[in-house]
**Q** 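Please see the structure below; I have some questions.
What's counted below: heavy atoms across the whole structure, side chains too, no hydrogens, waters or symmetry copies. Residue numbers count from 1 along this sequence.
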Amino acid sequence: MSNIVHLVSRLARPATRAALPVMAAAFLWAGPAAAMTIEKVVSPGGIEAWLVSDDTVPLIAMDFAFDGAGSVQDPEGKEGVANLLSTMLDEGAGDLDSGAFQARLADLNVRLSFDAGRDAFHGELTTLSENRDAAFDLLRLALTAPRFDAEPIARMRTQAISSLRRSERDPDSIAGRLWASTAFAGHPYGRPANGTEATVTALGRDDLAAFHGRAFARDNLVIGVVGAIDAATLAPLLDKTFGGLPQTAELTPVPPTAPKSGARAEDTFESPQTVIRFGGPGLLRSDPDFIPAFVMNHILGGGTFTSWLFEEVREKRGLAYSIYTYLLPYDQAGVFAGGTSTSADKTAEVVGLIETEVRRMATTGPSEQELADAKRFLTGSFPLRFDSSGKIASQLVGLQLDGLDASYIDERNALIEAVTLEDLRRVAKRLLDAGDLTVVTVGPKAS
């Protein structure tokens, strides 16, 4: 699973309002990633989960996702409904109204959160093993019997609108939306994932219930579980928790697409600096060239303090504090993208430097030493993705969403080590020589 998935598909929303002192450290994993044994557990009802069982710490972390049920499923004109739904599922369910549900979470010291990404709708549950059954039952209620009462809808809608208004004063947020709408004009990926003030204001109970009813089902559900639970205990618990969901989701098909190349857009905004977002077509996660592209991106702009762009823009010229690139493999589009900020009168110079470095990567590629350094960093940092049970559960779900087998964890570093200079130059030309970058800028007009 690429690192960008963690950067952009998990929005920074607080996990829960319940106090969680016992889980403040997200409980560290007791052993190295290489020692993990991943079991594929299938419940009597046919629900599958990937499990890493370890009773060193009496805690259980579970991640799950409904594939294809992210903001791409927001009906046109109702953008923001998936995001609003993600704030509502712990606001009362079954016989428990919002206050009672939140009190029950706090009493049990359960962490429960939901998040609507672009392609998938995610959830997380963390609980003490002694509270396992009660915690999983709260999740069951949240997923299968949400109340959608009027008061919490109004409250969460107000919070969503407040967040949207704050984002309209944030040039980074404005630039992100502008790049998406420019690169993916007319496609669901181009719509504002959190909606607009107008669309969110108009959302009501029927909209939430309709999305929930068609998007959450057993056939698009993927699950990862880590901690103090074994396969025999987990299997029937899966049916109790998720078995009440419909068998089949009723998702609106999302057509394959690619971001536009060579488009330009700008938005005037009074701020100290101009925000620049740039990018173009990337690769799907299933593409055989994805790993070479991942290594190439690290050298170009993903390596932060060691990348070509950082060296040219920051180190040599001091034109920006930071600059970055990433690969974003949506389900229906591959994206290569990046960003930086600079003073308004240096915007054209910075854009020119970015385009020059992208062309240089496409035409000449890196050196053997740069490739070796990138491999060393990417393989050496990989275990950090598995240093807590929560991270491991997230990785298990990510692998399933990406269509990868559990063996990928053991094979991933070998795949990176196998990338040759010829591989990297070939994929750089394929990815970066296909057309001009789409660039958007948000900031003051240059004097």
Side-chain angles (χ1 to χ4, degrees), residues 1 5-16 47-50 61-75 78-91 93 111-126 138-148 153 156-157 160 163 188-189 191-195 199-200 203 205 207-225 238 241-242 244-254 328-332 390 393-403:
M1 185 178 183
V5 172
H6 295 286
L7 293 175
V8 300
S9 74
R10 297 286 184 139
L11 304 181
R13 188 169 77 87
T16 181
I47 299 172
E48 180 177 305
W50 290 12
M62 178 171 69
D63 266 41
F64 58 92
F66 294 98
D67 195 10
S71 65
V72 290
Q73 291 297 315
D74 287 353
K78 296 183 181 295
E79 289 83 3
V81 65
N83 180 65
L84 184 60
L85 177 62
S86 73
T87 70
M88 286 299 303
L89 294 177
D90 62 353
E91 288 289 340
R111 175 177 180 174
L112 178 62
S113 65
F114 302 94
D115 170 57
R118 275 291 189 185
D119 286 314
F121 193 104
H122 296 265
E124 300 178 12
L125 173 72
T126 307
L138 285 173
L139 175 59
R140 175 189 65 81
L141 287 174
L143 291 177
T144 62
R147 290 170 63 104
F148 300 139
I153 289 177
M156 291 297 105
R157 187 170 52 213
S163 178
Y189 288 149
R191 300 176 192 164
N194 293 340
T199 63
V200 173
L203 294 175
R205 187 185 195 284
D207 301 307
L208 295 169
F211 190 103
H212 171 264
R214 65 184 179 84
F216 292 7
R218 298 195 297 276
D219 71 332
N220 66 331
L221 173 66
V222 297
I223 305 169
V225 182
L238 293 174
T241 306
F242 301 103
L245 293 169
Q247 176 57 42
T248 306
E250 298 177 3
L251 301 178
T252 301
V254 178
L328 176 54
Y330 285 137
D331 285 356
Q332 303 299 333
S394 177
Q395 289 290 331
L396 297 182
V397 167
L399 290 174
Q400 295 174 77
L401 291 175
D402 284 342

**Q** Measure the CZ-CG distance between R111 and D90 for me, rounded to the nearest 0.5 Å.
**A** 12.5 Å
**Q** Taking side chain as C-beta onward, heavy atoms only, is I223 less than 4.5 Å from V397?
**A**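 No, every pair of side-chain atoms sits at 4.5 Å or beyond.
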**Q** What pair of heavy atoms forms the shortest contact from T248 to A217, and how long is it?
**A**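 Heavy atoms only, the tightest pair is C-CB, 3.4 Å.
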**Q** Rounded to the nearest 0.5 Å, what separates atom CZ in F121 from atom CG in D115?
**A** 7.5 Å
**Q** Please assess D331 against Y189 for the test side chain to side chain donor-acceptor pair (under 3.5 Å), listing each intermediate value before the final yes or no.
**A** CA-CA 10 Å; D331 285 356; Y189 288 149; 5.6 Å; no
**Q** Restricting to non-hydrogen atoms, name the atom on A61 and the atom on A393 that form the minimum distance, rounded to 0.1 Å.
**A** O-CB, 4.0 Å
**Q** Can you name the nearest heavy-atom pair linking A116 to S86, along with the distance?
**A** N-CB, 3.9 Å
**Q** Drop me the distance from D219's CG to E250's CD, to the nearest 0.5 angstrom.
**A** 10.0 Å
**Q** Treating D74 as the side-chain partner and G80 as the backbone partner, does any N or O pair qualify as donor plus acceptor under 3.5 Å?
**A**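 Yes, because the side chain of D74 sits within donor-acceptor range (under 3.5 Å) of the backbone of G80.
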**Q** Could you check whether any side-chain N or O of R218 sits under 3.5 Å from a backbone N or O of L245, counting only pairs where one atom can act as donor and the other as acceptor?
**A**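 Yes; at least one donor-acceptor contact below 3.5 Å.
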**Q** Flag the pair Y330 / V72 as yes when at least one side-chain heavy-atom distance between them is below 4.5 Å, and no otherwise.
**A** no
**Q** Taking H212 for the side chain and L143 for the main chain, is one N or O donor matched with an acceptor at less than 3.5 Å?
**A**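 Such a contact is found between H212 side chain and L143 backbone.
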**Q** Between CG of N194 and CG of N83, what distance do you get to the nearest 0.5 Å?
**A**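 Answer rounded to 0.5 Å: 4.0 Å.
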**Q** Can you list the steps and then say if L208 with I153 is a side chain to side chain contact (heavy atoms under 4.5 Å, CB included)?
**A** CA-CA 9 Å; L208 295 169; I153 289 177; 3.9 Å; yes
**Q** If you look at every heavy atom in A65 and H122, which pair is closest and at what distance?
**A**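 Nearest heavy atoms, A65 then H122: CB-ND1, 3.7 Å.
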**Q** Please evaluate residues L399 and W50 with respect to the criterion side chain to side chain contact (heavy atoms under 4.5 Å, CB included), reporting the C-alpha separation (whole Å), side-chain torsions for both, the decisive distance (0.1 Å), and the verdict.
**A** CA-CA 10 Å; L399 290 174; W50 290 12; 3.9 Å; yes
**Q** Is there side-chain contact between F242 and T144, with at least one heavy-atom pair below 4.5 Å?
**A** no
**Q** Looking at L139, L396, T126, which one forms a side chain to side chain contact (heavy atoms under 4.5 Å, CB included) with M62?
**A**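 Passing option: L139.
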**Q** Search all heavy atoms of G68 against all heavy atoms of L251 and return the closest pair with its distance.
**A** O-CD1, 3.8 Å
**Q** Find the distance between CG (D63) and OG (S113) and round it off to the nearest 0.5 Å.
**A** 8.0 Å
**Q** How close do F211 and Q73 get, heavy atom to heavy atom, and via which atoms?
**A** CE1-CB, 3.6 Å
**Q** Run the numbers on T87 and R157 for side chain to side chain contact (heavy atoms under 4.5 Å, CB included), then give the verdict.
**A** CA-CA 9 Å; T87 70; R157 187 170 52 213; over 6 Å; no
**Q** Please verify the inter-ring angle class for F114 with F64; under 30° counts as parallel, over 60° as perpendicular, anything in between as tilted.
**A** perpendicular
**Q** Say you draw a straight line from CZ of R191 to NZ of K78; how long is it, rounded to the nearest 0.5 Å?
**A** 12.5 Å
**Q** Look at the side chain of R147 and the backbone N and O of A142, then say whether any donor-acceptor pair between them is shorter than 3.5 Å.
**A** no
**Q** Please answer whether the main-chain N or O of L401 pairs with a side-chain N or O of D67 as donor and acceptor at a distance below 3.5 Å.
**A**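 Such a contact is absent between D67 side chain and L401 backbone.
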**Q** Ignoring hydrogens and angles, tell me if any N or O in the side chain of T241 forms a donor-acceptor pair with the backbone of R140 under 3.5 Å.
**A**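 Looks like no, no N/O pair under 3.5 Å.
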